[in-house]
Enquirer: 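Structure below; questions to follow.
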Amino acid sequence: NSGDRRNEPAVVRSNRSVTNRGVARSAYIRMQINGLSVECLVDTGSETSIMPSKYSSGIEMRQFKHQLRAANGSQIAIVGEAQLPILVGGAQGTVSAMVSDHVAKPILGYDWLTANDAIVDLKSGMIQVNSRWLRLVTKQAAGWSRRCVLQTDVVIPNRSKRDIPA
């Protein structure tokens, strides 16, 4: 029977939801990315860092095999993943980020913040990055929701069990 799907593997979409709702203000950090000065959104709720493609000029891009979705469920097209050179607080480093033509401002996510031992003190308006304290720039958030959902398809063979990453 061609309509019988019991012998076909199941495809389950695994979502990891990340949210940052700007109620009144958002925090930014000043830095240079690939030689360009910019203020980057510090987003502890975003699992991954995302950069506009204009900061990846001349940088080798790796293929990105997952999907990134906006809060409304629409897919955000990703050009690739890149290791971008940065200068922050006088110290050189890198940020590994997804690159998109559809993102207006750089977003430093949980991945970069933890890799750089960041401590964010919103009350004092400071961020510690690799043992250096820097002043945050705060801006009106206008009630925006910056929620992204990273998705990965998982194929489960028929008649089997599988743990699916959350």
Side-chain angles (χ1 to χ4, degrees), residues 13-122 125-130 132 134-154 165-166:
R13 181 150 285 146
S14 174
N15 291 333
R16 293 184 290 172
S17 178
V18 287
T19 304
N20 177 25
R21 297 193 189 280
V23 176
R25 304 191 74 71
S26 290
Y28 294 79
I29 184 172
R30 288 188 179 108
M31 65 171 52
Q32 285 186 7
I33 302 174
N34 201 15
L36 300 171
S37 295
V38 66
E39 292 175 348
C40 298
L41 177 68
V42 175
D43 192 346
T44 61
S46 180
E47 191 171 295
T48 187
S49 298
I50 309 167
M51 297 290 150
S53 56
K54 73 178 187 178
Y55 297 101
S56 64
S57 178
I59 302 293
E60 183 180 335
M61 201 80 64
R62 293 181 303 280
Q63 185 178 7
F64 184 74
K65 299 178 182 179
H66 305 286
Q67 293 180 5
L68 183 67
R69 295 201 177 268
N72 65 4
S74 64
Q75 185 172 340
I76 299 173
I78 299 297
V79 176
E81 190 173 8
Q83 196 79 12
L84 301 167
I86 62 169
L87 181 65
V88 58
Q92 293 183 357
T94 59
V95 57
S96 179
M98 290 185 279
V99 178
S100 176
D101 293 328
H102 304 284
V103 176
K105 289 274 191 180
I107 299 171
L108 295 174
Y110 186 81
D111 56 344
W112 185 85
L113 294 167
T114 55
N116 289 278
D117 299 322
I119 299 172
V120 181
D121 185 345
L122 296 174
M126 301 291 286
I127 183 170
Q128 183 181 16
V129 179
N130 292 323
R132 294 178 183 200
L134 306 166
R135 174 120 351 247
L136 289 168
V137 177
T138 57
K139 295 183 178 186
Q140 200 68 27
W144 285 39
S145 174
R146 294 180 184 91
R147 182 172 181 260
C148 296
V149 178
L150 186 62
Q151 294 184 329
T152 305
D153 288 343
V154 178

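Bear in mind that the values here come from a model prediction, so they are computed numbers and not experimental data.
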Enquirer: Give a yes or no answer on whether the side chain of Asn34 reaches the backbone of Tyr55 with a donor-acceptor pair at less than 3.5 Å.
Expert: yes
Enquirer: Does any N or O in the side chain of Asp111 come within less than 3.5 Å of the main-chain N or O of Ser49, such that one atom is a donor and the other an acceptor?
Expert: yes
Enquirer: State, yes or no, whether a side-chain contact exists between Asp117 and Val129 at a heavy-atom distance under 4.5 Å.
Expert: no
Enquirer: Kindly compute the distance separating CD (Gln128) from CG (Asp121), expressed to the nearest 0.5 Å.
Expert: 10.0 Å
Enquirer: Report the distance from atom CG of Leu36 to atom CE of Met31, rounding to the nearest 0.5 Å.
Expert: 13.0 Å
Enquirer: Where the side chain of Arg132 meets the backbone of Gly89, is there a donor-acceptor pair that is under 3.5 Å apart?
Expert: yes
Enquirer: Is any side-chain heavy atom of Leu122 closer than 4.5 Å to one of Thr138?
Expert: no
Enquirer: List the steps and the verdict of side chain to side chain contact (heavy atoms under 4.5 Å, CB included) for Leu113 and Asp43.
Expert: CA-CA 9 Å; Leu113 294 167; Asp43 192 346; over 6 Å; no
Enquirer: Please lay out, stage by stage, how Val137 and Arg30 fare under the test side chain to side chain contact (heavy atoms under 4.5 Å, CB included).
Expert: CA-CA 8 Å; Val137 177; Arg30 288 188 179 108; 3.4 Å; yes
Enquirer: Side chain to side chain contact (heavy atoms under 4.5 Å, CB included) between Val120 and Thr44: does it pass, once the steps are laid out?
Expert: CA-CA 9 Å; Val120 181; Thr44 61; 4.3 Å; yes
Enquirer: Taking the side chain as every heavy atom from C-beta outward, state whether Leu68 and Ile50 have any pair of such atoms under 4.5 Å apart.
Expert: yes
Enquirer: Is there a side-chain contact between Ser56 and Ile33 in this structure, where contact means two heavy atoms from C-beta onward sitting under 4.5 Å apart?
Expert: no
Enquirer: If you measure from OG1 on Thr94 to CD1 on Ile86, what distance do you get to the nearest 0.5 Å?
Expert: 6.5 Å
Enquirer: Got Glu81 and Met61 here, is their nearest side-chain heavy-atom distance under 4.5 Å?
Expert: no
Enquirer: Which pairs would a plain distance check flag for residues 95-106, meaning a side-chain donor or acceptor within less than 3.5 Å of a matching protein atom at least two apart in sequence or in another chain?
Expert:
| from | atom 1 | to | atom 2 | distance (Å) |
| --- | --- | --- | --- | --- |
| Ser100 | OG | Ala77 | O | 2.8 |
| Ser100 | OG | His102 | N | 2.9 |
| Asp101 | OD1 | Ser53 | OG | 2.4 |

Enquirer: Can you tell me how far OH of Tyr28 sits from CG of Leu136, rounded to the nearest 0.5 angstrom?
Expert: 11.5 Å
Enquirer: So do the side chains of Pro85 and Ile59 get within less than 4.5 Å of each other, counting heavy atoms only?
Expert: yes
Enquirer: Just so I know, are the side chains of Glu39 and Ile29 near enough to count as touching, which here means a heavy-atom distance under 4.5 Å?
Expert: no
